[in-house]
Protein chains: 2
Amino acid sequence: MYPLTLTAAMDLRQIIRSFPDWPKQGVIFRDIMPLLKNPQALSYTVNEIIKQWKSEEIDLIAGIESRGFIFGALIAQNMQKGFIAIRKEGKLPGETVKVNYTIEYGSATMEIQKDAVERGQRVLIVDDLLATGGTAKAAADLIERLGGVVVGFAFVVELLELKGREKLKGYKVTTLITY
Amino acid sequence: MYPLTLTAAMDLRQIIRSFPDWPKQGVIFRDIMPLLKNPQALSYTVNEIIKQWKSEEIDLIAGIESRGFIFGALIAQNMQKGFIAIRKEGKLPGETVKVNYTIEYGSATMEIQKDAVERGQRVLIVDDLLATGGTAKAAADLIERLGGVVVGFAFVVELLELKGREKLKGYKVTTLITY
């Protein structure tokens, strides 16, 4: 475990900043940058997520590009599990599988290397934010197409009104902060 | 420090894969994915980088999007320093500064939040790969425009023939593996 100077529950909501009407009118952007800049808060966040998952059998931690790389890598190293990357299209060499998914306007593609997951390996998918759940569901599709087992999803922040959990029904989903 | 099961020097070169002619003819792509998937090798990598920097006074670790986020976050947590993100354009809310820099064909823009660095704070810039040095130099420009002091650059891999060090002259630059 990382050094943890905080024993009581830390209110991460006081550390995360909110930007109304960014990137567009009507959206409140939750900015985790102050959390990343506070090493005690980041340690706390990682440790809390690990508590939520320590009873599960996990082989690999998958981080979703880009901010999922931060939390995914920290969780993976802390648990001493392998880290695998789910990337935007065109960034991974070798044989890959891709999945196309719809985003607000249009579509996006995510990609993973074919040998990232062996058949039957148990994978925890990590990202910073659960919004509509579209990206997370696409990540799970990639893992499952490789024969991997998605143990569940760990997020730091959940935007409740976007109902992302509905898209991830049947999976264990954990979040630390809800808005 | 992370758990470290390897006491002798580990040959990371045997773990990193090479893909000739990717993403285009004549380029050998060095793929760090197997390193990320090997928790002992990743711990070793992070610990070796920290050894190279532990005698320096450092306030913040800056990771360059996207793979620099992985190593930057691990180094920052391990050293219990704050992590700040240097991102591709358009992803950061609030007041930011941007820098435009040339890439092989055309140009790219990187961005940082104005309050990421306070005047006089000492910043170590982290990325996975030193190629031409253009991205790294642009990252340093951003830190310095905010009044920060760039302590140096830590990379995992260095492609010697691209002479990235020349672009970073005057800074301390460390790499673990050279090709």
Side-chain angles (χ1 to χ4, degrees), chain A residues 1-5 17-23 27-43 45-46 59-63 65-85 87-88 90-94 112-113 115-117 121, chain B residues 1-5 17-23 27-43 45-46 59-63 65-85 87-88 90-94 112-113 115-117 121:
Chain A
M1 302 291 264
Y2 292 116
L4 182 57
T5 56
R17 283 188 298 204
S18 297
F19 287 90
D21 298 321
W22 199 90
V27 171
I28 303 173
F29 187 87
R30 308 298 178 173
D31 180 26
I32 60 162
M33 290 300 142
L35 169 60
L36 301 178
K37 202 174 160 182
N38 179 330
Q40 289 80 29
L42 185 54
S43 295
T45 301
V46 171
D59 298 308
L60 297 168
I61 308 292
E65 189 167 9
S66 296
R67 284 171 302 192
F69 284 5
I70 297 169
F71 296 100
L74 292 172
I75 292 166
Q77 271 289 282
N78 205 314
M79 298 178 87
Q80 280 290 289
K81 305 292 181 190
F83 175 81
I84 60 174
R87 300 209 66 179
K88 285 151 195 160
K91 298 185 170 186
L92 289 168
I112 192 169
Q113 286 177 327
D115 60 2
V117 182
Q121 280 193 307
Chain B
M1 302 291 264
Y2 291 115
L4 181 56
T5 56
R17 282 188 299 205
S18 297
F19 287 90
D21 298 320
W22 199 90
V27 171
I28 303 173
F29 187 87
R30 308 298 178 173
D31 181 27
I32 60 162
M33 291 300 142
L35 169 59
L36 301 178
K37 201 174 160 184
N38 179 330
Q40 290 79 32
L42 185 53
S43 295
T45 301
V46 170
D59 297 309
L60 296 168
I61 308 292
E65 190 167 8
S66 296
R67 284 171 302 192
F69 284 4
I70 297 169
F71 296 100
L74 293 172
I75 292 166
Q77 271 289 281
N78 206 315
M79 298 179 87
Q80 281 290 289
K81 306 291 181 190
F83 174 81
I84 60 174
R87 300 208 66 178
K88 285 152 195 160
K91 297 184 169 186
L92 288 168
I112 192 170
Q113 286 177 327
D115 60 3
V117 182
Q121 281 192 308

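We name chains A, B, ... by the order of the sequence lines, and we start the count at 1 in each one.
- Using a 4.5 Å heavy-atom threshold, the side chains of B:Pro93 and A:Met33 count as separate.
- Within the model, atoms CG of B:Leu42 and CZ of A:Phe83 stand 9.0 Å from one another, a figure rounded to the nearest 0.5 Å.
- A salt bridge between A:Arg17 and B:Asp115 is present, with a side-chain N of the basic residue lying under 4.0 Å from a carboxylate O of the acidic one.
- Each of A:Gly82, A:Pro23, A:Ala76 has some count of heavy-atom pairs under 4.5 Å with chain B, and the biggest count is that of A:Gly82.
- Of the atoms belonging to A:Phe69, heavy atoms from both backbone and side chain fall under 4.5 Å from chain B.
- Side-chain contact between A:Gln77 and B:Pro39 is present, with heavy atoms from C-beta onward closer than 4.5 Å.
- With sequence neighbours excluded, the residues that form a side chain to side chain donor-acceptor pair (under 3.5 Å) with A:Ser66 are B:Glu65, B:Ser66.
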Problem - Test side-chain hydrogen bond (donor to acceptor under 3.5 Å, both in side chains) applied to A:Gln113 and B:Asp31, step by step - result: CA-CA 11 Å; A:Gln113 286 177 327; B:Asp31 181 27; 3.0 Å; yes
Exercise for the section: Under the side-chain contact (heavy atoms from CB on, under 4.5 Å) rule, what do B:Lys91 and A:Arg67 come out as? Steps first, then yes or no, please. Expected result: CA-CA 11 Å; B:Lys91 297 184 169 186; A:Arg67 284 171 302 192; over 6 Å; no
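- In terms of heavy-atom proximity, B:Trp22 sits nearest to A:Leu92 at CZ2-O, 3.2 Å.
- Considering every non-hydrogen atom in both B:Leu74 and A:Ala73, the closest pair reads CD2-O, 3.5 Å.
- Between chain A and the options B:Leu35, B:Ile61, B:Leu36, heavy-atom pairs under 4.5 Å are most frequent for B:Leu36.
- When every heavy atom of A:Val117 is checked against every heavy atom of B:Lys37, the shortest pair comes out as N-NZ, 4.1 Å.
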